[in-house]
Amino acid sequence: MKKVLITGGNGFIGRHLRRHLEMCGYEIFSPTSAELNILRQEDWEDWKTQNIEYVIHLAGRTFVPDSWENPEDFFKINTEGTLNVIRFCRAQNIGMTYISAYIYGQPKRNPIPETAEVIPNNPYARSKYMAEELCKFFCEYYDMDITVLRLFNVFGPGQKQHFLIPFIIKQILNKDDVISVQDLMPRRDYIYIEDVCRAIKMSIHKSRGYQLYNVGSGQSFSVGELIELSQKIAGTNKEVVSKNVVRKNELNDVIADIRHIECEWGWKPEVSLKDGLAKCMEVNND
C-alpha cells in the first residue's frame, strides 16, 4: 500500500480521485487548504513526518475567466505553489504527478501531440506552463521523478455549474423551455473523470524521470453537438438560443493526440461522451 498525498484533494478532480484510489487500496491524505497551504513552508514541514510515498499535485486556481481578472493570484498559487510541492518531494526523495492543463493555444493542426508548440493564451495556461517548466528543470538537474499530465476538458458529476457541461445539463433538466449559451461553434475534447482518475493512478507507479502526456478522448464535439446529445439522453427537445458571443482568444477546435500515453502505458479512454453525460444526468436527477 502506498501513502499518497493529494493537494487540492477536495476539489472536483480531487474528490473523485480520492475515492478511486481508496477503492484501489491506497492510503490517501487529502488535507484542506487550512491543513496544508501549499504557499506556506511551515505547513510542508509538518507533513515531513507522515512518511508520504508519493504526491499528486492538483491544488491551484482553475477557472480561465478569473485568471484575466486576477492573474497575480494564479501565478502565485499555480506556479510558486508548485515549486513548494517539488521542494517537498525532493526533500523526501519521492515522486510526484503534476496535473497540468491545455496550454497549446490555437492549434496549428489536430490532433495535438505533446511535441506541439506551447502557446499559453491566458494567464491560467501561462501559470500552468511555468509550473511544468519547473517540474522539467528539477527532473533534469536534481534527478527527480515527475510525471506531467496535460488534461483536456474534464467533466463528470459534481463539477461546478459555471463549466459548460453542467451548465447545459442544468438548463436541460430545469422547467424552462429554452437552452441559452454564448456560442454554439467551439469544439473541445471532453474526457470523463473516471478515465482521468485511471490515468493518474497509473502515474503513481510509472513515474520515471520527466514524463509528459496528454489525457483526452481523441475526438472533439461542438457546443451545439453537446446540447443535441444531452437532449437526446434526457428525452427533451427544448429550443436552443445562441447569443453568438465569441470569447477573447477563443479556440475553434481542440483534439488531443493520445497515442503517446496509449503506447507507453496502455491507457485509453473507456467512457464515451454519451455515457459520461448520462452519468452526470443521473446524479443531477437524484
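In this text, all values refer to a predicted model and were calculated from it rather than measured experimentally.
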Look only at the side chain of [X] and the backbone of [Y], and say whether a donor-acceptor pair between them is shorter than 3.5 Å.
X	Y	value
Asp195	Glu270	yes
Glu239	Val178	no
Gln106	Asn121	no
Asp189	Ala256	yes
Glu225	Ser222	yes
Glu114	Asn214	yes
Arg87	Trp44	no

Ring-plane angle category for Tyr142 and Phe138, please: parallel below 30°, perpendicular beyond 60°, tilted otherwise.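 Parallel.
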Do the rings of Tyr124 and Phe74 sit parallel, tilted or perpendicular, given the 30° and 60° boundaries?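 Plane angle over 60°, so perpendicular.
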Is it the case that over 12 heavy atoms from other parts of the model lie below 6.0 angstrom from the [atom1] atom of [X]?
X	atom1	answer
Lys238	NZ	yes
Arg40	CZ	yes
Asn93	CG	no
Gln41	CD	yes

Side chain to side chain contact (heavy atoms under 4.5 Å, CB included) partner of Arg188, the single match among Leu226, Leu251, Val223: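 Exactly one pass, corresponding to Leu251.
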Please tell me whether [X] and [Y] are part of a single hydrophobic cluster in this structure, the criterion being side-chain heavy atoms less than 4.5 Å apart.
X	Y	result
Tyr26	Trp265	yes
Ile6	Ile77	no
Phe29	Ile86	yes
Val64	Phe75	no
Met144	Val4	no

If you take all heavy atoms of Gly9 and Ser30, which pair is closest and at what distance?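 Nearest pair, atom of Gly9 first, then Ser30: CA-CB, 4.0 Å.
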Arg15 to Asn10 - nearest heavy-atom pair and separation: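 Closest pair (atom of Arg15, atom of Asn10, distance): NH1-O, 3.0 Å.
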Rounded to the nearest 0.5 Å, what separation is found between the [atom1] atom of [X] and the [atom2] atom of [Y]?
X	Y	atom1	atom2	answer
Lys201	Lys206	NZ	NZ	9.5 Å
Asp145	Cys139	CG	SG	7.0 Å
Leu229	Ser272	CG	OG	8.0 Å
Glu72	Lys76	CD	NZ	11.0 Å
Asn174	Ile169	CG	CD1	12.0 Å
Ile261	Met202	CD1	CE	7.0 Å

Run through Lys128, Glu132, Arg150, His57 and flag the one making a side-chain hydrogen bond (donor to acceptor under 3.5 Å, both in side chains) with Tyr98.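 That would be Lys128; it is the only one of Lys128, Glu132, Arg150, His57 passing the side-chain hydrogen bond (donor to acceptor under 3.5 Å, both in side chains) with Tyr98.
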Looking only at side-chain N and O atoms, does [Y] offer a donor or acceptor that is under 3.5 Å from a partner on [X]?
X	Y	value
Asp253	Ser220	yes
Thr97	Ser203	yes
Asp176	Gln171	no

Would you call [X] and [Y] a side-chain contact if the rule is heavy atoms closer than 4.5 Å?
X	Y	value
Gln219	Leu273	no
Ile193	Phe12	yes
Lys170	Pro166	no
Arg198	Trp267	yes
Ile56	Ile204	yes
Leu277	Tyr190	no

Counting the benzene-type ring for Trp, do Tyr192 and Phe155 have ring centres under 6.0 Å apart?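 That pair passes the under 6.0 Å test.
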Pair Tyr104 + Tyr102: ring centers closer than 6.0 Å: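 Here the rings of Tyr102 and Tyr104 have centres that are less than 6.0 Å from each other.
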